[in-house]
Amino acid sequence: MLKTFTQKVRAVVARIPRGEVRSYGEVAKLAGNKNGARAVGSIMRANHDPNFPCHRVICSNGKVGGFNLGKEEKIRKLRSEGAKISGDKII
DNA sequence: CGTATGACGTGCA
DNA sequence: GTGCACGCCATAC
């Protein structure tokens with residue numbers, strides 16, 4: 001039973017289809033807090049699960065945002081899944 | 001409980 | 001497009 005914001009966020013991010021991306025704000029909204037974009041970032045940063053697709057969460061402006069292993073690695077993963085990226089921005 | 005920090009978002013110059 | 005200030009939320013101490 002998902003009741004905490006963190007758990008909901010994890011569930012939402014886990015549902016993101018391969019090759020697709022979702023902004024922190026969108027995830028936060030789907031999780032219940034439309035203004036919890038920053039909280040989502042904190043949760044993602046705290047998560048260390050390599051099996052968790054936290055790399056599919058980007059900024060609302062199209063930027064890839066950040067990543068524990070470096071944004072370059074994040075971009076590489078997204079590209080591997082079929083996402084279109086120009087520089088550090090999603091197309 | 002209060003403060004500081006951070007993988008954000010929006011508005012404005 | 002770029003840079004800065006403010007607001008928002010979760011977590012660590």
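Because the structure is a prediction, the values reported are computed rather than measured. Naming convention: chains lettered A, B, ... in sequence-line order (proteins, then strands); numbering from 1 in each chain.
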Assert: residue with more 5' nearest nucleotide on DNA chain B, out of S42(A) and S23(A), is S42(A)
Show me the protein contacts with nucleotides 11-13 of chain B, counting only N or O atoms at under 3.5 Å.
none

Numerically ordered, the residues 52-68 of chain A set in heavy-atom contact under 4.0 Å with DNA chain B is C54(A), C59(A), S60(A), G66(A), F67(A), N68(A)
Those residues of residues 1-17 of chain A lying under 4.0 Å from DNA chain C by at least one heavy atom:
F5(A), T6(A)
Does H55(A) form a side-chain hydrogen bond (donor to acceptor under 3.5 Å, both in side chains) with E73(A)? I'd like the steps, not just the answer.
CA-CA 9 Å; H55(A) 55 272; E73(A) 193 62 33; over 6 Å; no
Looking at DNA chain B, which of residues 73-91 of chain A put a heavy atom within less than 4.0 Å of it?
K74(A)
Tell me which residues in residues 44-51 of chain A lie within less than 4.0 Å of DNA chain B, going by non-hydrogen atoms.
M44(A), R45(A)
I'd like to check the side-chain contact (heavy atoms from CB on, under 4.5 Å) partners of K63(A); sequence neighbours left out, ordered by chain and number.
C59(A), N61(A), D88(A), K89(A)
Spacing of I90(A) atom CD1 and L78(A) atom CG [to the nearest 0.5 Å]
5.0 Å
Pairs of donor and acceptor atoms involving the side chains of residues 1-14 of chain A, under 3.5 Å and at least two apart or interchain, shall be tabulated with distances.
residue : atom : partner : partner atom : Å
T4(A)   : OG1  : Q7(A)   : N            : 3.3

For the base of dG9(B), is there a side-chain donor-acceptor partner from R38(A) under 3.5 Å away?
no
May I have the distance from N35(A) (atom CG) to dA10(C) (atom P), rounded to whole angstrom?
10 Å
Atom NZ of K71(A) to atom P of dC8(B): distance rounded to whole Å?
12 Å
Within residues 24-34 of chain A, find the residues that approach DNA chain B with a heavy atom at under 4.0 Å, and present them sorted by residue number.
Y24(A), G25(A)
List the atom pairs, donor and acceptor, that lie under 3.5 Å between side-chain atoms in residues 39-51 of chain A and the rest of the protein, sequence neighbours left out.
residue : atom : partner : partner atom : Å
S42(A)  : OG   : R38(A)  : O            : 3.3
H48(A)  : ND1  : A46(A)  : O            : 3.2
D49(A)  : OD1  : N51(A)  : N            : 2.8

For G87(A) versus I75(A), what's the shortest heavy-atom pair and its separation?
O-CD1, 3.6 Å
Hits for salt bridge (Lys or Arg N to Asp or Glu O under 4.0 Å) against E72(A), two or more places apart or cross-chain, chain-then-number order -> none
Indicate yes or no: at least one non-hydrogen side-chain atom of R56(A) is less than 4.5 angstrom from one of E81(A).
yes
Under 3.5 Å, which donor-acceptor pairs link side chains of residues 15-28 of chain A to any protein atom two or more places apart or in another chain?
residue : atom : partner : partner atom : Å
R18(A)  : NH2  : S80(A)  : O            : 3.2
S23(A)  : OG   : E26(A)  : N            : 3.1
Y24(A)  : OH   : V57(A)  : O            : 3.4
Y24(A)  : OH   : K74(A)  : NZ           : 3.4

